[in-house]
Amino acid sequence: MESGNNKRMIAVGVAAVIGVVLLVVTVVLVYTALVALITGIDGLPQELTVEVVGEEDLQNAPAIHLTDRDLKQHPVLASAIREANSNPNMPKYASVPMTGVECLVLTESCGVYTKGAPYLEYDGVYYATRVLLH
Amino acid sequence: MEEDRKPEPGNQFKTVGLILACVLAGIVAVALGFMLADALILYAYESSGGQPMLYVMERVEPGENVVVRLTEKDFVDHPALDAVIRGEERNPSAWEWGSSDRRFIGGANVSYAESRALQDAYGPDREAWVHPHLEYEGAYYMVVTTWP
């Protein structure tokens with residue numbers, strides 16, 4: 001009788017441990033899946049396009065002079081400028097994806113998403129910018 | 001015969017104890033699951049090679065938004081915020097008060113954990129979507145973070 005009780009207790013204990021492990025795994029999977037879904041949502045997908053322009057094309061339009069620190073603080077802009085310069089095609093241009101927050105910040109710092117966006121100058125090269133919404 | 005069918009008081013206690021233990025184990029398991037998932041997500045992002053950023057923008061007036069006064073404790077708790085608002089990462093843009101009454105003040109590289117901590121502390125309220133404005137020495141700041 002005692003031995004039967006012990007067996008039952010062991011079975012209940014094993015079932016409880018398996019239940020707890022399953023519950024932990026389920027919570028981990030559901031939570032990570034939800035977070036992965038939610039973090040992917042950041043408004044409409046956007047692209048920043050930069051195109052190298054000649055100095056003669058500026059026609060007294062406003063230009064913002066970028067420093068190394070500016071590019072360090074705006075990795076998206078740095079990546080777009082880097083890609084445009086390595087583009088063998090003419091005119092040199094590049095499009096890089098960006099989030100809504102990055103678009104907002106670039107608009108407030110360089111006016112990229114404004115009417116008559118200023119040209120950007122870095123290292124003697126001038127760039128026209130455009131924001132594409134998908 | 002009737003008395004034989006009555007459960008023993010000891011067994012009743014055992015059953016109640018077992019149910020309570022199961023409930024407790026369930027609660028602990030769920031909490032553990034959340035903690036583990038959170039740690040896994042952070043680890044995965046930190047190893048992804050992405051670079052989250054902290055950005056601070058200044059506004060002329062806070063408008064109807066909630067104003068939070070920044071203290072030294074905020075700067076101690078969030079060194080990146082300190083560096084952007086009053087340190088070496090302060091880099092106001094040439095595009096002064098560009099398209100509205102906001103202007104970019106500066107940005108700094110942060111870890112994913114720090115990005116989340118800043119978002120939780122100073123980001124918009126998720127229900128009312130009100131963006132708190134941080135007041136420091138008479139100026140109003142908004143904090144945004146990226147999570148690439």
Side-chain angles (χ1 to χ4, degrees), chain A residues 5 9 12-13 15-17 19-36 38-40 42 62-76 78-79 97-118 120-121, chain B residues 14 18 21-22 24-42 44-45 50-59 84 88-109 112 115-116 119 123 142-148:
Chain A
N5 266 350
M9 287 300 282
V12 168
V17 169
V20 166
V21 170
L22 283 179
L23 196 54
V24 170
V25 171
T26 309
V27 171
V28 168
L29 289 179
V30 170
Y31 185 69
T32 46
L34 279 177
V35 168
I38 292 166
T39 47
D42 187 20
I64 291 177
H65 300 280
L66 299 173
T67 62
D68 287 336
R69 193 151 73 135
D70 291 327
L71 292 193
K72 187 181 151 239
Q73 291 184 333
H74 300 292
V76 170
S79 150
M98 67 177 170
T99 64
V101 167
E102 284 160 339
C103 181
L104 168 73
V105 169
L106 277 173
T107 299
E108 298 303 339
S109 57
C110 310
V112 294
Y113 196 38
T114 53
K115 200 177 170 189
L120 306 180
E121 181 271 331
Chain B
K14 268 187 189 171
L18 195 65
C22 284
L24 198 65
I27 292 169
V28 171
V30 169
L32 199 67
F34 276 121
M35 283 164 66
L36 201 61
D38 212 39
L40 271 177
I41 289 165
L42 261 188
Y45 273 102
Q51 178 54 68
M53 297 290 299
L54 155 72
Y55 291 116
V56 178
M57 287 181 286
E58 185 181 352
R59 271 197 87 175
V84 174
E88 69 276 12
E89 299 293 356
R90 191 177 174 95
N91 180 28
S93 59
W95 188 244
E96 286 282 311
W97 311 110
S99 58
S100 56
D101 61 346
R102 282 192 301 243
R103 71 168 180 164
F104 176 81
I105 281 298
N109 295 357
Y112 280 94
S115 174
R116 180 194 284 173
Q119 182 69 20
M142 282 169 66
V143 164
V144 290
T145 56
T146 64
W147 184 273

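Letters A, B, ... are given to chains in the order of the sequence lines, protein chains preceding strands, and every chain is numbered from 1.
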Ring-plane angle category for B:Tyr112 and B:Trp147, please: parallel below 30°, perpendicular beyond 60°, tilted otherwise.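 If you compare the ring of B:Tyr112 with that of B:Trp147, the planes turn out perpendicular.
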Any donor and acceptor pair, going by atom type alone, linking the side chain of B:Tyr55 with main-chain N or O of A:Gln73 inside 3.5 Å?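 Looks like yes, one N/O pair under 3.5 Å.
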Interface moiety of A:Val12 toward chain B, non-hydrogen atoms closer than 4.5 Å: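 The side chain, not the backbone.
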Any salt bridge linking B:Glu88 with A:Arg69? Criterion: basic side-chain nitrogen under 4.0 Å from a carboxylate oxygen.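 Salt bridge: no.
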Where on B:Asp38 is there a heavy atom nearer than 4.5 Å to chain A: the side chain, the backbone, both, or neither?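 Its backbone and side chain both get close to chain A.
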B:Leu32, B:Leu36, B:Asn91: which one forms the most heavy-atom pairs within less than 4.5 Å of chain A?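 Top option by heavy-atom pairs under 4.5 Å: B:Asn91.
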Once ring-ring contact (aromatic ring centres under 6.0 Å, His included) is applied, do any residues pair with A:Tyr31, and if so which ones, sequence neighbours excluded?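 Testing A:Tyr31 for ring-ring contact (aromatic ring centres under 6.0 Å, His included), a comparison that skips the adjacent residues, returns B:Phe34.
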